[in-house]
Peer 1: 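One structure is given below, represented as structure tokens, and several questions about it will come after.
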There are 2 protein chains.
Amino acid sequence: MLNNSNYIDKLRSSGLRPTKQRIKICEILFDTDKTFHFTINDLVKKISKTTNDKISLATVYNTVHAFKKKGYLKEIPINSDQSYFDTNTSHHHHFYDENQKDLIDIDDADVGPVKINTRIPGKKIKSVEVLVKVEDA
Amino acid sequence: MLNNSNYIDKLRSSGLRPTKQRIKICEILFDTDKTFHFTINDLVKKISKTTNDKISLATVYNTVHAFKKKGYLKEIPINSDQSYFDTNTSHHHHFYDENQKDLIDIDDADVGPVKINTRIPGKKIKSVEVLVKVEDA
DNA sequence: TTCTACATTATAATAGTTCTAAACTGTTGA
DNA sequence: TCAACAGTTTAGAACTATTATAATGTAGAA
């Protein structure tokens with residue numbers, strides 16, 4: 001678990017000013033061993049639960065986007081409606097529970113190697129993501 | 001290539017009334033050997049290019065959703081902003097060109113078998129989709 | 001043809017996200 | 001230390017994609 005001064009260093013070293021809003025969001029997102037998935041809405045709720053200071057919605061968006069750009073968060077493509085983010089930035093895959101509308105990590109090691117036997121000329125592969133949709137058995 | 005009376009049969013047999021708007025949209029979506037990807041916006045533009053009758057936006061949404069529900073279209077999860085649909089409803093995967101914001105089919109046969117070595121208790125796998133993000137080499 | 005249920009339409013409403021411009025605050029350097 | 005600047009936050013407006021609404025229209029059955 002990191003403490004605030006670690007977050008300050010982390011932010012500063014990535015060229016982001018360590019403001020109290022950003023530090024607070026760091027605490028919520030990264031102050032745990034577990035990684036998790038969230039929407040902006042989830043994050044806003046979590047902020048209002050854990051602090052009395054309100055952080056404006058625009059700041060939450062700005063911060064999440066800044067963190068995504070710096071590689072501290074990953075965005076996960078799920079059927080439209082809203083953006084899901086993942087604090088686990090390592091390469092891995094996902095289950096998506098269509099009944100519970102819930103995302104669950106799949107460790108990279110739990111997915112056999114994915115072979116792509118075709119290429120697009122002039123393009124290089126950036127990532128290969130597997131989304132496994134599940135439903136009640 | 002199908003003609004209108006085929007579309008009328010197709011619609012009727014799936015319990016959708018063959019209205020002229022639906023037939024027009026069928027022509028645009030299915031009147032070609034090739035399958036393709038589109039957003040609602042793309043489709044609206046294509047409609048206004050190929051006909052003088054205007055089809056209201058609400059009808060386009062309704063029709064696309066009806067077709068999706070009937071299995072004539074697939075929705076593809078790509079980073080948020082808007083929904084992508086695919087006239088290719090067979091099982092297959094996608095390249096997503098991050099520079100051109102373009103989707104390209106990958107034939108199922110061009111992706112080696114994907115092994116998922118973990119399960120969620122009480123859930124069964126509905127689909128396994130691979131999204132390969134590419135960028136300029 | 002006439003009736004009825006389903007479709008279409010324009011428009012309003014909603015939800016998620018981004019923009020804007022003013023106020024605020026970390027940081028730098030005198 | 002403190003002023004000044006550049007980056008940040010903020011509230012609210014604006015924007016975009018999508019869905020809901022309620023009136024009008026139309027396909028198909030009798």
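Chain A is the first sequence line, chain B the second, and so forth, proteins listed ahead of strands; every chain is numbered from 1.
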Peer 1: Can you tell me the distance, in whole Å, between the CG atom of B/Leu11 and the C1' atom of C/dT8?
Peer 2: 15 Å

Peer 1: Counting just side-chain N and O atoms, does B/Ser83 come under 4.0 Å of either OP1 or OP2 of D/dT18?
Peer 2: yes

Peer 1: So, does A/His65 get its side chain near the phosphate of C/dT17, meaning an N or O under 4.0 Å from OP1 or OP2?
Peer 2: no

Peer 1: Reckon A/Arg12 has a side-chain N or O less than 4.0 Å from the OP1 or OP2 of C/dG26?
Peer 2: no

Peer 1: With sequence neighbours left out, write down each residue that passes salt bridge (charged side-chain N to carboxylate O under 4.0 Å, His left out) with A/Lys49, or none if nothing qualifies.
Peer 2: none

Peer 1: In whole Å, what is the span from the CD atom of B/Glu75 to the P atom of D/dA17?
Peer 2: 15 Å

Peer 1: Can you check the B/Tyr7 OH to D/dA27 C1' distance for me, whole Å?
Peer 2: 21 Å

Peer 1: Taking the nucleotide of DNA chain C with the nearest heavy atom to each, does A/Asn62 or A/Asn41 sit closer to the 5' end?
Peer 2: A/Asn41

Peer 1: When you compare the side chains of B/Asp108 and B/His92, does any donor N or O come within less than 3.5 Å of an acceptor on the partner?
Peer 2: no

Peer 1: According to side-chain contact (heavy atoms from CB on, under 4.5 Å), who are the partners of A/Ser56, at least two apart in sequence or on a separate chain?
Peer 2: A/Ala58, A/Thr59

Peer 1: Quick one: list whatever passes side-chain contact (heavy atoms from CB on, under 4.5 Å) with B/Tyr61, sequence neighbours left out.
Peer 2: B/Ile40, B/Leu57, B/His65

Peer 1: Roughly how many Å is it from OH in A/Tyr84 to C1' in C/dA15, rounded to a whole number?
Peer 2: 14 Å

Peer 1: Quick one, A/Val111 and B/Lys115 - any side-chain contact, counting heavy atoms below 4.5 Å?
Peer 2: no

Peer 1: Which parts of residues 47-59 of chain A get close to DNA chain D, meaning a heavy atom less than 4.0 angstrom away?
Peer 2: A/Lys54, A/Ile55, A/Ser56, A/Ala58, A/Thr59

Peer 1: Tell me: CG of B/Asp42 to P of D/dT16, nearest whole Å?
Peer 2: 16 Å

Peer 1: Check residues 19-27 of chain B and write down every donor-acceptor pair under 3.5 Å in which the side-chain atom is one partner and the other belongs to a residue at least two apart or another chain.
Peer 2:
| residue | atom | partner | partner atom | Å |
| --- | --- | --- | --- | --- |
| B/Thr19 | OG1 | B/Arg22 | N | 3.3 |
| B/Arg22 | NH1 | B/Arg17 | O | 3.0 |
| B/Glu27 | OE2 | B/Asn4 | ND2 | 3.2 |

Peer 1: Once salt bridge (charged side-chain N to carboxylate O under 4.0 Å, His left out) is applied, do any residues pair with A/Lys45, and if so which ones, sequence neighbours excluded?
Peer 2: none

Peer 1: I'd like to check the side-chain contact (heavy atoms from CB on, under 4.5 Å) partners of A/Asp136; sequence neighbours left out, ordered by chain and number.
Peer 2: A/Asn99, A/Gln100, B/Lys123

Peer 1: Which residues, if any, of residues 13-24 of chain A bring a heavy atom under 4.0 Å of DNA chain C?
Peer 2: A/Arg17, A/Pro18

Peer 1: State which residues pass side-chain contact (heavy atoms from CB on, under 4.5 Å) with A/Lys34; sequence neighbours excluded, sorted by chain then number.
Peer 2: A/Thr32

Peer 1: So, is B/Tyr61 close to the D/dT19 phosphate, meaning a side-chain N or O under 4.0 Å from OP1 or OP2?
Peer 2: no

